[in-house]
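Since this is a predicted model, take the numbers as computed values, not measurements. Only this structure's heavy atoms are used, side chains among them; waters, hydrogens and symmetry mates stay out. All ligand and atom numbering here is 1-based and tracks the order in the structure.
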Amino acid sequence: MFLTMLVTTLLLPVSTLISLLPPLTNAIPSGPRLDKRADLDTWIAAQTPISLSGILANFGPSGMKAYGASTGILLASPSKTNPDYFYTWTRDSALVFKTLVDQFISTGDTDLQLQIDDYISAQAKLQTVSNPSGSLSNGAGLAEPKYMPTGSAFTGDWGRPQRDGPALRSTALIAYGKWLINNGYTAAATNIVWPVVQNDLQYVGQYWNQTGFDLWEEVNGSSFFTTAAQHRALVEGSSFAASIGQTCSNCDSQAPQIRCFLQQYWNGQYIVSNINTNTGRSGKDANSCLASIHTFDPEAGCDDATFQPCSPKMLANHKALTDSFRSVYAINAGIAASSAVAVGRYLEDVYYNGNPWYLTTLCAAEQLYSALYQFNTAGSITITSTSLSFWQAIYASAATGTYASSSSTYTSLTSALKTYADGYVAIVQKYTPASGALAEQFDKSTGTPLSAVDLTWSYASFLTMAAARNNVLPASWGAATASTIPSTCSASSATGSYTAATNTAWPSFPCTTVSTVQLTFNVLATTSSGQNVYVVGSIAELGTWNPTNAIKLGADMYTDGTPLWYGSVKVAAGTAFEYKYLRKESDGSVTWESDPNRSFTVPTSCRKDASVSDNWR
Ligand SMILES: *[C@@H]1O[C@H](CO)[C@@H](O)[C@H](O)[C@H]1NC(C)=O
Ligand SMILES: *[C@@H]1O[C@H](CO)[C@@H](O)[C@H](O)[C@H]1NC(C)=O
Ligand SMILES: *[C@@H]1O[C@H](CO)[C@@H](O)[C@H](O)[C@H]1NC(C)=O
């Protein structure tokens, strides 16, 4: 993310920025603290639950770091200053919820299903919120990039419209809609999910051929990531419609033209990620890698037309993109050309002085794991003149030709590919703190985490990488049926019609009652320097009324307007207890809140998170 308007602030030296960030508190996601030398499999296994709880911590209303976010609203990050990401973005939320839908489908975690239902209900409402991009009446408001945590419009200046949001949201919802159909809930798919999806598909069909801001919110033009996401949305939107007895004729008329346009980003050597604009950049941008992993189809071959991860064009692009960062980041110095490096957004990036990001480095790995799956499914690798330099970089004697999976060359190529992909994950492992907290960026010279803390998208990018590495595959979206390119590309549009989606009456799905709840205490308590706020109460988890054993709350989200102290404990469902907040001075003296004692009963339900919100008395 997130916008050049911040650039003036960012000209401060990095050390100043770091000192402006509040210190991390006890409120970082809990989990094992990891030895950085742990082998990759061990590290991934431990980082997976940390990443999932890192996402859910930012989800309203009960996430540990989501105080102030309404039900179903996912924050980009709990960071409120330097930078302020305390908003919900349509794109980030959609990408993250696509990840959570796939997690739900692969694990059967019914807590996740309840969160998914909340997300969809919130999106139905957000679609109707008039905003500076427009309203629902002609669809224009659907491309508003971000909203307040309460779900109201953000009215400040911003890079708008952003036309990837509706496409990505429909993809996330369709993934869940397919699960509903496959599990006997076709009515919910038809009556709750489809009306939201339909608006987004209509939007894409109408506006795909107009410029807008890219995923980094900086360039007003045409963005490869946006076009690829739009193409996918209309292809799978059409078949999803058919599966519930609906149609999407605008999908059918526009998808081939979007596919035609998609080819125009290829310059013969790599993908120029921003066109129809003049950025003065090379165009090598992780935009393209992200497009490839989010349009990966496990049933497709190595199709160049849809830029599948294993396609010759996408492999050539991988090399062009990742090589562009080899010489610009000090932490990449001395790494051999055959090995993985830290990857940023694009070479010319100046945001926070331009650094590698977790989600872009993980993308470089994920594309290759997905490609490996596609080669293994196809039973062969074909090296073309387009992909030859990619292969030669990781396997010096690579030559053009087709290598069947029974050949020793195939074994050597896939082994080199896996090692190379693992190298990107190892870089992320190296620069992830022992707590597992994933910020937005890591410093190009020191590797220290930078910019927004606990970036929701960083955690999701870890989960999609791990799923790809473990061959836990997302559903097909029909890429194999969408590889014919029209002989002539035309500028086109299909005017949509838009209707508010109002049905959010989810069936009561069977779910697993949880035995332990993560309970978050939020208290607004104005304090001065040297003071700390604690919670203490009648149960052992809260120190059995002993101030010495009280739970210290965190203040890293404290602002003058919202003087929040917060923290979490794990408590058995159904536990009834009394509690109070207290304040400790730097000399250790204790001030209790006034009477009476507060009381709470931990709910017994299928939800893993609960929260209380109080004002200091
Ligand atoms: C619209 O589509 C035409 C045909 O593919 C393409 O040449 C043009 O660049 C597109 N413009 C935008 C803004 O998408
Ligand atoms: C970006 O481009 C669109 C045209 O597609 C235009 O409506 C919008 O005003 C532009 N935004 C800015 C900030 O220039
Ligand atoms: C609050 O709880 C404590 C511990 O049980 C008790 O001693 C105290 O009297 C209670 N306060 C009130 C006002 O009931």
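In summary, the atoms of ligand 3 found under 4.0 Å from a heavy atom of Asp595, numbered by their order in the structure, are 13 (C). Atoms of ligand 1 found under 4.0 Å from any heavy atom of Ser222, numbered from 1 in the order shown, are 12 (C), 13 (C), 14 (O). Within ligand 3, counting atoms from 1 as listed, the ones closer than 4.0 Å to a heavy atom of Asn597 are 1 (C), 2 (O), 3 (C), 8 (C), 10 (C), 11 (N), 12 (C), 14 (O). The contact set between ligand 2 and Phe213, taken as ligand atoms under 4.0 Å from a residue heavy atom, comprises 11 (N), 12 (C), 13 (C). Counting atoms of ligand 2 from 1 in the listed order, those under 4.0 Å from a heavy atom of Arg160 are 11 (N).
A cation-pi geometry, defined here as NZ or CZ lying under 6.0 Å from the six-membered ring centre and within 45° of its normal, does not hold between Arg345 and Tyr351.
Counting only heavy atoms of the protein, atom 5 (O) of ligand 3 lies nearest to Trp545 NE1, 3.5 Å. Asn276 ND2, 3.0 Å is the protein heavy atom nearest to atom 9 (O) of ligand 1. In terms of protein heavy atoms, atom 13 (C) of ligand 1 is closest to Asn209 O, 3.2 Å. Protein heavy atom in closest approach to atom 7 (O) of ligand 1: Gln264 OE1, 3.5 Å.
Residues Leu542 and Val569 form a side-chain contact, since some pair of their non-hydrogen atoms from C-beta on lies under 4.5 Å apart. Tyr119 places none of its side-chain heavy atoms less than 4.5 Å from the side chain of Ile73.
With Asp304 contributing its side chain and Ser311 its backbone, the two residues share no donor-acceptor pair below 3.5 Å.
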- Task: Take Thr150 and Ser70, measure what side chain to side chain donor-acceptor pair (under 3.5 Å) needs, and give me the verdict at the end.
- Result: CA-CA 5 Å; Thr150 53; Ser70 297; 5.4 Å; no
- Task: Please test Arg598 against Tyr581 for side chain to side chain donor-acceptor pair (under 3.5 Å), starting from the C-alpha separation and ending with a verdict.
- Result: CA-CA 9 Å; Arg598 302 174 184 271; Tyr581 298 100; 5.5 Å; no
- Query: Is there a salt bridge (charged side-chain N to carboxylate O under 4.0 Å, His left out) between Asp595 and Lys580 once you walk through the steps?
  - Reply: CA-CA 9 Å; Asp595 286 335; Lys580 262 188 181 180; 2.5 Å; yes
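In terms of polar-atom proximity, defined here as any N/O pair under 3.5 Å, Thr211 does make such a contact with ligand 2.
Ligand 1 lies nowhere less than 4.0 angstrom from a heavy atom belonging to Cys260. Residue contacts with ligand 2 include Arg163, since one of its heavy atoms falls under 4.0 Å from the ligand.
Put simply, atom 2 (O) of ligand 3 has protein non-hydrogen atoms near it, under 4.0 Å away.
Contact annotation for Ser492 and ligand 1: no heavy atom of the residue comes within less than 4.0 Å of the ligand.
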